Amino acid sequence: MRIPRIFHPDPLIVDNEVQLSSDATNHIVNVLRLKPGHPLVLFHGDDSEYSAELIVSEKRKAIALVDAKLSISVESSLSIHLGQGVSRGDRMDLVMQKAVELGVTEITPLITERCGVKLSKERWEKKHSQWQKIITGACEQCGRNRIPILHPPAELAEWTSESTNQLRLTLHPRAEKSIRHLQVPPKGVRLLIGPEGGFSDQEVYLTEETGFQTVQLGPRVLRTETAALAAISVLQALHGDL
């Protein structure tokens, strides 16, 4: 059986025992049905991973003994901050998961005029917690030892006006410049992707006024989730580690 990779929220120390989180315990004990003695890989988000051994496997408790620290990083040299217009259904979940696998460093869900999702403060917090679990799970699957930053949902005007040294980009199928011809600065890219219905004229004007330049991936109009993942893939292929 493949050795499970498990995120642990607290710092990990070699030769110490750690009690795993309730989510990790449920996965290890009730889903995978692992027994004491099974090897594990733990990570905390410090660009290292830790080999460990499961020593207690009970229905509501799992304890592991950390036995070694390995400095292993699979982070891309290209920093990408994805600003993703919130979409309905499971599209956002898909973007979160795959963007992490493709190496983004930060994600901000954006509330736009046409996002179609209206939630209370409490439900936004619940949604944020759900997305955080998806991001953590994607790191467990793809081998990343650093958890990308998930920012709270923000208004488009707030996010676009933030100060940054990153190259500001947004996709448009009729843009004059191709994404292939960009010169990416050392600080990386701030990539803006619209929601299902696209940006309003006022929002397009706002992005242009705050320094975002439009680029195109090709002549076809892509769905919001396709646009995000295609753009990240191209940027990583041209300037990152794909």
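Just so you know, these numbers come straight off a predicted model, no measurement behind them.
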- Query: What's the verdict on side-chain hydrogen bond (donor to acceptor under 3.5 Å, both in side chains) for Thr207 and Thr160, showing C-alpha distance, side-chain angles and the deciding distance?
  - Reply: CA-CA 7 Å; Thr207 63; Thr160 55; over 6 Å; no

- Message: According to side-chain contact (heavy atoms from CB on, under 4.5 Å), who are the partners of Ser77, at least two apart in sequence or on a separate chain?
- Response: none

- Message: List the residues meeting side-chain contact (heavy atoms from CB on, under 4.5 Å) with Ala157, not counting sequence neighbours, and say none if there are none.
- Response: Leu206

- Query: Around Glu176, counting heavy atoms of other residues, nucleotides and ligands shown, do more than 12 lie under 6.0 Å from its CD?
  - Reply: no

- Message: Other residues, nucleotides and ligands only: do more than 12 of their heavy atoms fall within 6.0 Å of CG on Asp201?
- Response: no

Are side-chain heavy atoms of [X] and [Y] found at a separation under 4.5 Å?
| X | Y | result |
| --- | --- | --- |
| Val18 | His8 | yes |
| Pro11 | His44 | yes |
| Val215 | Leu182 | yes |
| Val234 | His239 | no |
| Gln19 | Lys61 | yes |
| Cys139 | Pro148 | yes |

- Could you give me the CA-CA distance, side-chain angles and deciding distance for Leu78 and Ile80, then say whether side-chain contact (heavy atoms from CB on, under 4.5 Å) is met? CA-CA 6 Å; Leu78 177 64; Ile80 300 177; 3.8 Å; yes

- Task: Quick one: closest heavy-atom pair of Ile111 and Pro153, and the distance?
- Result: CD1-CB, 4.2 Å

- For Leu171 against Ala231, the heavy-atom pair lying closest together: CD1-CB, 3.8 Å

Checking the side chain of [X] only, and the main-chain atoms of [Y] only, is there a donor and an acceptor separated by less than 3.5 Å?
| X | Y | result |
| --- | --- | --- |
| Glu203 | Glu113 | yes |
| Gln236 | Leu102 | yes |
| Ser57 | Leu34 | yes |
| Gln216 | Gly218 | yes |
| Ser129 | Lys126 | no |
| His128 | Leu150 | yes |
| Arg168 | Phe212 | no |

I'd like to know if [X] pairs up with [Y] as an ion pair, taking the criterion as any Lys NZ or Arg NE/NH1/NH2 lying under 4.0 Å from an Asp or Glu carboxylate oxygen.
| X | Y | value |
| --- | --- | --- |
| Glu162 | Arg190 | yes |
| Arg114 | Glu196 | no |
| Glu225 | Arg91 | yes |

- Just how far is it from atom OG1 of Thr112 to atom CD of Gln202, taken to the nearest 0.5 Å? 12.0 Å

- Query: Can the ring centres of Tyr50 and Phe43 be said to be less than 6.0 Å apart?
  - Reply: no

- Message: Could you check, using the six-membered ring where one of them is a Trp, whether His151 and Trp131 have ring centers closer than 6.0 angstrom?
- Response: no

- Message: Suppose we screen for salt bridge (charged side-chain N to carboxylate O under 4.0 Å, His left out). Which residues come up paired with Lys98, at least two apart in sequence or across chains?
- Response: Glu101

- Item | Verdict with supporting geometry, Ile55 and Glu17, side-chain contact (heavy atoms from CB on, under 4.5 Å) | CA-CA 9 Å; Ile55 58 175; Glu17 296 179 5; 3.6 Å; yes

